[in-house]
Student: 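To start, I am sharing the structure in question, which I have written as structure tokens.
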Amino acid sequence: MGGNPLLGVLFHWIGGFSSASFYVPYKRIQRWSWEVFWLAGGLFSWAIAPWVFAALRTEDLLGVLSSAPRETLAWCWFWGAMWGFGGLTFGLTMRYLGLSLGMAVALGLTTVIGTMGPPIFHGTIGEIAAKSSGQLTLLGILITLVGIVVVARAGSAKEQDLGGQASEGVAEFDLRKGLLIAVFSGCMSGCFAWGLDAGQAIRDLTLAAGTDPLSQGLPVLCVVLAGGLTTNLLWCAYLIGKNRSFGQFFGAVSDPENGGRAPLLTNWLLAALGGTLWYGQFFFYTMGESQMGRFGFSSWTLHMASIILFSTLWGFALKEWKGASPRTRTLVWTGIGLLVGATVVIGIGNMIDASTVTAG
């Protein structure tokens with residue numbers, strides 16, 4: 001399938017913006033413990049939105065999933081559960097490093113693991129590298145990794161500019177703790193790409209049921225995200241029991257000493273918005289992947305690059321770079337330029353391959 005790589009890149013950019021934006025509503029939630037707002041938003045990310053959108057956009061959702069091979073469902077769920085470990089620590093990465101630096105480090109590792117893992121596992125990396133279009137795509141992936149390193153170095157330079165103090169946008173900035181969490185989160189988060197890759201049988205079944213090719217990945221998301229929900233639910237339930245914070249879901253006072261009662265309706269609306277935005281990244285990701293032809297593995301790189309790009313821009317909007325030197329700002333803009341250039345190179349590589357398939 002040749003697809004339309006240009007349209008695919010556009011979808012990946014939209015998904016990247018959605019992902020980069022999801023934590024912004026979360027930052028506005030007041031007087032809820034971390035485990036409360038993370039689970040509240042997660043219910044929309046991992047349970048409500050996936051099933052609602054899949055039911056609206058695909059044919060015979062329950063029939064497709066019930067007829068899918070049990071082994072396929074198990075692997076999709078398993079990789080989703082492994083991703084869940086990365087997902088639940090991803091919020092802590094943002095907490096200690098901020099949007100821009102946190103996403104650069106965590107998503108850099110996720111990019112390598114999620115992009116190169118499936119083609120190496122399936123033994124197709126040699127075939128890809130033997131073609132000029134494949135070489136161009138791999139070059140784009142390499143440029144992405146360079147861009148990620150540059151953005152991360154800019155984040156480290158910012159920390160030095162601020163004398164080790166937290167920036168205005170990150171009240172609990174802690175470079176050492178944040179980097180350790182980001183490495184773990186990045187490695188485990190790459191498992192999501194493996195979960196999507198494992199769901200090919202589900203995509204084949206939903207296409208046979210009459211689903212539009214653009215939406216073929218939505219049923220797979222239902223299974224992968226069920227695995228992620230399992231991990232996050234168990235951990236948040238543990239924290240809720242330990243901190244006795246369950247009542248916050250229904251308006252219990254979260255700070256008895258100061259009498260602080262959470263704005264319940266506002267918090268739930270913000271959690272719903274943030275959670276749905278988070279899901280939106282994969283809603284558009286599956287659409288973009290469906291258009292990338294034989295080099296669909298590069299979708300993960302495009303997705304990660306666009307997330308880092310937009311999250312860095314959000315970092316500027318939230319004043320995380322306030323006080324950074326002109327040299328540091330130049331460095332981060334260089335990283336952004338590399339990420340933008342990488343998406344262009346990957347897109348061209350996919351377009352060349354698509355035109356070759358069409359001509360053949």
Side-chain angles (χ1 to χ4, degrees), residues 16 19-20 22-23 26-27 33-35 37-39 41-42 45-46 75-118 120-121 144-145 147-149 151-156 158-159 166 170-198 224-240 242-243 274 278 281-282 300-301 303-305 307-308 311-312 315 320:
S19 176
F22 90 92
Y23 206 73
Y26 283 2
K27 290 170 72 73
S33 302
W34 177 87
E35 65 272 13
F37 81 73
W38 190 252
L39 184 56
S45 300
W46 313 314
W75 277 114
C76 288
W77 179 90
F78 171 78
W79 290 120
M82 294 300 99
W83 161 83
F85 287 108
L88 64 86
T89 53
F90 194 72
L92 293 177
T93 301
M94 303 300 101
R95 177 178 175 180
Y96 293 120
L97 293 183
L99 278 170
S100 49
L101 178 57
M103 286 197 173
V105 177
L107 297 185
L109 288 169
T110 302
T111 299
V112 176
I113 295 171
T115 301
M116 303 309 298
I120 292 175
F121 178 77
T144 298
L145 295 177
I148 291 171
V149 171
V151 173
R153 286 179 62 88
S156 178
K158 178 194 71 171
E159 193 261 345
V170 192
E172 300 179 74
F173 188 84
D174 188 320
L175 184 62
R176 178 174 296 181
K177 182 186 294 185
L179 285 177
L180 288 174
I181 296 173
V183 168
F184 177 82
S185 176
C187 290
M188 300 309 293
S189 294
C191 293
F192 202 101
W194 289 77
L196 295 177
D197 181 71
V224 176
L225 290 174
L229 173 62
T230 303
T231 307
N232 281 270
L233 179 60
L234 290 174
W235 178 245
C236 288
Y238 165 74
L239 292 179
I240 288 171
K242 176 182 177 182
N243 300 327
W278 186 94
Q281 67 175 308
F282 289 114
W300 195 251
T301 296
H303 184 60
M304 296 298 108
I307 292 174
I308 296 171
S311 65
T312 302
E320 291 184 4

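Everything quoted here is computed from the prediction, not taken from an experiment. Basis for what follows: all heavy atoms, side chains included, without hydrogens, waters or symmetry-related copies.
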Student: Report yes or no: does S189 contribute a side-chain atom to a donor-acceptor pair with the main-chain N or O of S185 at less than 3.5 Å?
Tutor: yes

Student: Could you label the plane-to-plane angle of the W278 and F22 rings as parallel, tilted or perpendicular, counting under 30° as parallel and over 60° as perpendicular?
Tutor: perpendicular

Student: T231 side chain to F85 main-chain N or O, any donor-acceptor pair under 3.5 Å?
Tutor: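 Absent.
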
Student: So, for G86 and M188, which heavy atoms are closest and what is the spacing to 0.1 Å?
Tutor: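 So the minimum-distance heavy-atom pair works out to N-CB, 3.5 Å.
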
Student: Is any side-chain heavy atom of F282 less than 4.5 Å from a side-chain heavy atom of H303?
Tutor: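 SC-SC contact between F282 and H303 confirmed.
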
Student: So, for Q281 and S19, which heavy atoms are closest and what is the spacing to 0.1 Å?
Tutor: OE1-OG, 3.2 Å

Student: With rounding to the nearest 0.5 Å, note down the distance linking OG1 in T89 to CG in L180.
Tutor: 11.5 Å

Student: How are the rings of W34 and W38 set to each other: parallel, tilted or perpendicular (split at 30° and 60°)?
Tutor: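 Parallel.
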
Student: So, taking the atom named CZ in F192 and the one named CG in D197, what distance separates them when rounded to the nearest 0.5 Å?
Tutor: 12.5 Å

Student: Report the relative orientation of the aromatic rings in F37 and Y23; use parallel for angles under 30°, tilted for 30 to 60°, perpendicular for over 60°.
Tutor: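 Answer is perpendicular, since the angle exceeds 60°.
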
Student: Less than 4.5 Å apart, side chain to side chain, heavy atoms only: is that true for W83 and V224?
Tutor: no

Student: Taking all non-hydrogen atoms of both residues, which atom of S45 and which atom of Y26 are closest, and how far apart?
Tutor: OG-OH, 4.3 Å

Student: Kindly give the heavy-atom pair with the smallest separation between C76 and A198, and that separation in Å.
Tutor: SG-C, 3.8 Å

Student: Mind checking side chain to side chain donor-acceptor pair (under 3.5 Å) for T301 and listing every partner two or more places apart, or none if nothing turns up?
Tutor: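 Once residues adjacent in sequence are excluded, the partners of T301 under the side chain to side chain donor-acceptor pair (under 3.5 Å) criterion are T115.
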
Student: Which is it for L39 and L239 under the side chain to side chain contact (heavy atoms under 4.5 Å, CB included) test, yes or no, and what are the steps along the way?
Tutor: CA-CA 11 Å; L39 184 56; L239 292 179; over 6 Å; no

Student: Rounded to the nearest 0.5 Å, how far does OG of S311 lie from CE of M304?
Tutor: 10.5 Å

